[in-house]
Amino acid sequence: MLRKMGEAVARVARKVNETVESSSDTLDLADCKLVSFPICIYKVLRNVSDQIHLITLANNELKSLTSKFMTTFSQLRELRLEGNYLRRLPNEVSSLQHLKAIDLSRNQFQDFPEQLTALPELETINLEENEIVDVPVEKLATMPALRVINLRLNPLSAEVRVIAPPLIKFDMLMSPEDAQVPPP
């Protein structure tokens, strides 16, 4: 077990070093068995954090992200967090004023993360396969750049299904009402 943990740590270190050395705008820490975002990465990326536009933390074991994560990577254009155990986002997600796409699919959201409605550049929200029943349709309708929101495989209320279509000017993807939501 210690050997596997050591390999995972080495993989994270290697990926972070690649980002720094190549001055890449991408940090890919997908499939690294992370339970939290490593604090030491903030120091390593201190001089390049403003250049990072895409972070992938998909398929880890994250239960939360800190406000420091959001404020450190405030220049993000895309954030991929699918396949984790997230239930909510910190309020500081509102500091991601340049964010265009966020993937929160296959997590454990029961409530729609309303902080996303304050992001002026956000075009795509993927919340597929969560546990969301209610959606702030009125707030979403006022988002200037929103083009697509994926809510497939969520137990959406009948009210959302009725209210949403006439109010929205973007694509709201939903499963048919009788579709089976996979068990948690």
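Throughout, numbering of the chain's residues begins at 1 and tracks the sequence.
How far NZ of Lys15 is from OG of Ser24: 12.0 Å, rounded to the nearest 0.5 Å. Distance CE/Met70 to CD/Gln115: 8.5 Å, rounded to 0.5 Å. Atom CG of Leu146 is separated from atom CZ of Phe170 by 5.0 Å, given to the nearest 0.5 angstrom. The structure places CZ of Arg87 at 10.0 Å from CG of Asn130, a figure rounded to the nearest 0.5 Å. Taken to the nearest 0.5 Å, the CD atom of Glu138 stands 6.0 Å off from the CD1 atom of Ile163. With rounding to the nearest 0.5 angstrom, the CG atom of Asp134 is 5.5 Å from the OG atom of Ser157.
Annotation: side chain of Lys139 is not in contact with side chain of Met143 (no heavy-atom distance under 4.5 Å). Counting heavy atoms from C-beta on, the side chains of Thr124 and Ile102 never come closer than 4.5 Å. Side chains of Ser64 and Arg88 form no contact here, defined as non-hydrogen atoms less than 4.5 Å apart. Side-chain contact between Gln75 and His53 is present, with heavy atoms from C-beta onward closer than 4.5 Å. Looking at heavy atoms from C-beta onward, Gln97 lies out of side-chain contact with Ser74 at the 4.5 angstrom threshold.
Listed for the Asn60 side chain is no donor-acceptor partner under 3.5 Å among the backbone atoms of Leu62. When atom types are taken as modelled, the side chain of Lys169 and the backbone of Ala141 share a donor-acceptor pair closer than 3.5 angstrom. Distance alone, capped at 3.5 Å, is enough to place a donor-acceptor pair between the Asn154 side chain and the Ile132 backbone. Checking side-chain atoms of Arg11 against main-chain N and O of Asp31 turns up a donor-acceptor pair under 3.5 Å.
Residues Leu153 and Ser175 come closest through the heavy atom pair N-OG, 2.8 Å. Residue Leu173 comes nearest to Val148 through the heavy atom pair CD1-CG1, 4.1 Å, listed as atom of the first residue, atom of the second, then distance. Considering all non-hydrogen atoms of both residues, Asn84 and Ala58 come closest at ND2-CA, 4.2 Å. Minimum interatomic distance between Leu156 and Arg161 (heavy atoms only, all atoms of both residues): O-NE, 3.8 Å. Residues Pro120 and Ala145 approach most closely at O-CB, 3.5 Å, considering heavy atoms. Listed here is the closest heavy atom pair of Met172 and Ile168: CB-CD1, 3.6 Å.
Considering Val48, Leu45, Leu54 as possible partners of Leu27, the one that fulfils the side chain to side chain contact (heavy atoms under 4.5 Å, CB included) test is Leu45. Looking at Leu81, Leu79, Asp25 one by one, the single match for side chain to side chain contact (heavy atoms under 4.5 Å, CB included) with Ile55 turns out to be Leu79. If you run side chain to side chain contact (heavy atoms under 4.5 Å, CB included) between Leu116 and each of Leu140, Leu96, Ile125, only Ile125 comes through.
A salt bridge links Glu78 and Arg80; the closest N-O separation between the charged side-chain nitrogens and carboxylate oxygens is under 4.0 Å.
Put simply, Leu151 and Leu167 are part of the same group of oily side chains (I, L, V, M, F, W, Y) that touch within less than 4.5 Å, one to the next. When the side chains of ILVMFWY residues are joined at heavy-atom separations under 4.5 Å, either directly or via intervening members, Tyr85 and Leu127 end up in two distinct hydrophobic clusters.
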Original post:
Can you list the steps and then say if Leu104 with Glu82 is a side chain to side chain contact (heavy atoms under 4.5 Å, CB included)?
Top reply: CA-CA 5 Å; Leu104 298 165; Glu82 67 270 22; over 6 Å; no
**OP:** Starting from the C-alpha separation in whole Å, work towards a yes-or-no answer on side chain to side chain contact (heavy atoms under 4.5 Å, CB included) for Leu65 and Val93.
**Re:** CA-CA 10 Å; Leu65 285 174; Val93 75; over 6 Å; no
Subject >> Steps toward ring pair (Phe, Tyr, Trp, His ring centres under 6.0 Å) verdict (Tyr42, Phe69) >> reply: CA-CA 8 Å; Tyr42 294 117; Phe69 176 88; 7.1 Å; no
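With 3.5 Å as the limit, one finds no donor-acceptor pair spanning the side chains of Thr26 and Asp28. Side chains of Glu128 and Asn150: a donor-acceptor N/O pair is present below 3.5 angstrom, by distance only. Defined by atom type and a distance below 3.5 Å, a donor-acceptor pair is present between the side-chain atoms of Asn59 and Arg106.
Heavy-atom neighbours of Glu159 CD from other residues, nucleotides or ligands within 6.0 Å: at or below the threshold of 12. Counted within 6.0 Å of CZ on Arg77, heavy atoms from surrounding residues, nucleotides or ligands total more than 12; the atom is thus considered enclosed.
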